[in-house]
Amino acid sequence: MEEQIIQIGERLRGLRDVLDITAEEMANLCGISVDHYLKMESGESELSVANLQKIAKEYGVSLDVLMFGEEPKMSSYFLTRKGHGMSVERRKAYNYESLASGFRGRKADPFIVTVEPKPADTPKEMNSHSGQEFNMVLEGTLQLTIGTKSLTLNEGDSIYFDATQPHGMLAVGDKPVKFLAIIF
């Protein structure tokens with residue numbers, strides 16, 4: 001996991017260098033402090049897929065290039081076999097498996113997300129990003145907070161929401177939760 005985060009940080013730094021973008025500009029785009037952004041680049045801080053998506057959209061780079069270091073090549077279809085999607089753990093508690101990493105020019109980013117349980121007193125990390133999001137719980141129970149509203153989703157439950165609203169997720173109980181997330 002740490003090596004993947006370091007590599008993503010190196011790709012962010014490379015993007016800034018190539019496009020002559022300041023760390024302040026990147027931090028402002030992500031809505032975080034310059035210090036936090038620089039820690040992302042150095043691999044010392046956890047990465048947010050939402051922030052990577054903001055950077056990718058703003059600078060016309062594929063999210064796959066930032067996350068996996070590869071440019072998508074397929075344009076008619078891209079098949080992902082169960083358990084074989086490109087995967088990155090952005091934090092110890094979150095694993096993102098991309099289901100369409102090889103499809104060029106896609107309109108949405110589908111992931112299988114696995115969230116590990118945390119102690120009940122752990123503060124929920126909230127984030128937001130442009131667009132909309134669809135989540136469907138495949139295994140376990142997910143507590144999803146959107147703004148000030150907290151919802152419990154069980155296996156088979158789904159939700160579609162405005163992703164510009166601050167939102168955060170927690171696995172309920174002592175088992176990981178696995179859900180399909182599609183970011184539009």
I'd like to check C30 versus I55 (side-chain heavy atoms, cut-off strictly below 4.5 Å). Are they in contact? yes

Indicate yes or no: at least one non-hydrogen side-chain atom of V172 is less than 4.5 angstrom from one of V177. no

In the hydrophobic clustering that connects Ile, Leu, Val, Met, Phe, Trp and Tyr at side-chain heavy-atom distances below 4.5 Å, which members other than L79 occupy its cluster, ordered by chain and number? none

Check L142, T114, V137 against K178 for a side-chain contact (heavy atoms from CB on, under 4.5 Å) and give me the one that passes. T114

Within-4.5 Å side-chain heavy-atom neighbours: S130 and K54: no

Quick one: does I146's side chain get under 4.5 Å of D162's, heavy atoms only? no

I'd like to know if D35 and K39 make a salt bridge, using a cut-off of under 4.0 Å between side-chain N and carboxylate O. yes

For E25, does its backbone N or O pair with a side-chain atom of N28 as donor and acceptor, under 3.5 Å? no

Side chain proximity check, I159 to L153, heavy atoms < 4.5 angstrom: yes

Backbone N or O of S98 within a donor-acceptor pair of the S101 side chain at under 3.5 Å? no

To the nearest 0.5 Å, what is the distance between CD (Q132) and CZ (F184)? 7.5 Å

Pair F134 + F179: ring centers closer than 6.0 Å: no

Looking at residues at least two apart in the chain, or sitting in another chain, which of them share a salt bridge (charged side-chain N to carboxylate O under 4.0 Å, His left out) with R16? E41

Can you find a heavy atom in the side chain of L180 that is under 4.5 Å from one in the side chain of I182? yes

Any heavy-atom pair between the side chains of I183 and H129 that's under 4.5 Å? yes

So, using salt bridge (charged side-chain N to carboxylate O under 4.0 Å, His left out) as the criterion, who are the partners of D174 when residues are at least two apart? none

Taking the side chain from H167 and the backbone from Q165, do they hold a donor-acceptor pair closer than 3.5 Å? yes

